[in-house]
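Structure first, then comments.
Numbered from 1 within each chain, the chains take letters A, B, ... in sequence-line order.
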Number of protein chains: 2
Amino acid sequence: MTSHAQTGVDLTKNQTLVMGALSSADGPLSAYTILDQLRDDGFRAPLQVYRALDKLVEFGLVHRLESLNAFVACRHTECGDRGQTIFLICETCGKAIEVTDKAIARRLKTVATGALFALQTATVELRGTCDACRAA
Amino acid sequence: MTSHAQTGVDLTKNQTLVMGALSSADGPLSAYTILDQLRDDGFRAPLQVYRALDKLVEFGLVHRLESLNAFVACRHTECGDRGQTIFLICETCGKAIEVTDKAIARRLKTVATGALFALQTATVELRGTCDACRAA
DNA sequence: TTTATTGCGTAACGGTATAACGTGTGCAAT
DNA sequence: ATTGCACACGTTATACCGTTACGCAATAAA
């Protein structure tokens, strides 16, 4: 109930491997880091990773962090609501906290509409320091 | 009064050239596009562009679009308020509209604080279709 | 059976960004 | 004046990110 395991999608072998790597990581991973981790499983080329990532993102199981050029497993039960995800990225430990906020989603929609802009997706990535790192 | 020309910073030759390229462009430019445009002015290597861009971003004259890996001249009179800029990026024409919204800035701050996160900067980039392209 | 779709593997490539080196210039403090 | 420092600059090399183009195999649909 806390994972995406039961969204009904069934993953291919490569997709499963990439998903596994991201799920067991404790922070965002770059495509090339994933590639390196999966060499022993037969991965040889970036394209194998990118193809799997494309699908996983499409399924909503993985998010792409634009400001990091990296990918992270979605920690939410339901990410069907697109464009609502906000990431808090710690500059110190590199981890990403995923949150949603309806007020921001609503306001972004309003701002876009006000500019006569047909909104499709939103990227919201905040940089700063997480609680653990600030305490340390 | 509508440009940054009088912010008091004075730019070096390379910074001026890069700023000129971005100012006369009608959309975001990648670093390598800028490099190509400035070959005749003596530019030879990416680093010349990146160094200038770093400074221009630091001065607040230029914004970096994370989701595009590109750069755009700031069109606001005052961007001293950092972390408040929102970009509306048209998927069709590639242009970027720059807006600010205090409500979003405030709410982002609140969300970060709620997560015990010390917010430094915010990246907010919306994708969709601009009015001109939708009409076309 | 034929065709279309989808996933997979490989190689080569192009776009993005930085590291590491050294040079020159201006300027302040001796 | 010369030493020391900070800063911009130029060059080469390299690392990192992502895609194009090709072909093969398995499966699903007509």
Is Gln48(A) near enough to dC8(C) that one of its side-chain N or O atoms lies under 4.0 angstrom from OP1 or OP2? no

What's the shortest heavy-atom distance between Tyr32(A) and Pro46(A), and which atoms? OH-CG, 3.3 Å

Heavy-atom contact window of chain A on DNA chain D, given 5' to 3' at under 4.0 Å: dC17(D) to dA21(D)

Rounded to the Å, how far apart are Leu68(B) CG and dG15(C) C1'? 13 Å

Chi angles and distances behind the side-chain contact (heavy atoms from CB on, under 4.5 Å) call for Asn14(A), Phe43(A): CA-CA 9 Å; Asn14(A) 283 6; Phe43(A) 273 55; 3.5 Å; yes

Phosphate contact (dC8(C) OP1 or OP2) by Thr12(A) side-chain N/O below 4.0 Å: yes

Going hydrophobic residue to hydrophobic residue with side-chain gaps under 4.5 angstrom, can you get from Ile86(A) over to Val72(A)? no

Once rounded to the nearest 0.5 Å, what's the spacing between atom CZ of Arg127(B) and atom OG1 of Thr123(A)? 6.5 Å

Without decimals, in angstroms, what is the distance between Asn14(A) CG and dT10(C) P? 11 Å

Rounded to whole Å, CG of Leu47(A) lies from C1' of dA11(C) at a distance of 11 Å

How would you label the contact of Ala45(B) with the nucleic acid (heavy atoms, under 4.0 Å): base, sugar-phosphate, or nothing? base

Atom-to-atom span, CZ of Arg44(A) to P of dC8(C) - whole angstrom: 16 Å

Would you call Asp54(B) and Arg51(B) a salt bridge, using N to O less than 4.0 angstrom? no

On DNA chain D, nearest-nucleotide positions of Asn69(B) versus Arg51(B): which is more 5'? Arg51(B)

Would Tyr32(B) pass as stacked on dT16(C), i.e. its ring centre under 5.5 Å from the base's six-membered ring centre and planes under 30° apart? yes

Nucleotide dG15(C), atom C1' - distance to CZ of Phe71(B) in whole Å: 13 Å

Five pairs per end, C1' atoms only: what is the angle between the end axes of the helix from dT1(C)-dA30(D) to dT30(C)-dA1(D), to 10 degrees? 20°

First encountered from the 5' end of DNA chain C, between Pro46(A) and Ala52(A): Ala52(A)

Any Thr110(B) side-chain heavy atom under 4.5 Å of Asp101(A) side chain: no

Under 4.0 Å between a side-chain nitrogen and a carboxylate oxygen: does that hold for Arg64(B) and Glu66(B)? yes

Expressed as a whole number of angstroms, how long is the span from Glu58(A):CD to dT6(C):P? 10 Å

Gap between atoms CG and C1', on Leu29(B) and dT16(C) respectively (whole Å): 15 Å

Is the shortest heavy-atom distance from the side chain of Leu29(B) to the side chain of Gln37(B) under 4.5 Å? yes

Mind listing the closest non-hydrogen atom pair of Met19(A) and Ala73(A) along with its distance? CE-CB, 4.1 Å

Smallest heavy-atom separation, Glu125(A) atom then Leu68(A) atom, equals OE1-N, 4.5 Å

Any side-chain N or O of Lys55(A) below 4.0 angstrom from OP1/OP2 of dG7(C)? yes

Between atom CG in Asp36(B) and atom P in dG14(C), what is the gap in whole Å? 13 Å

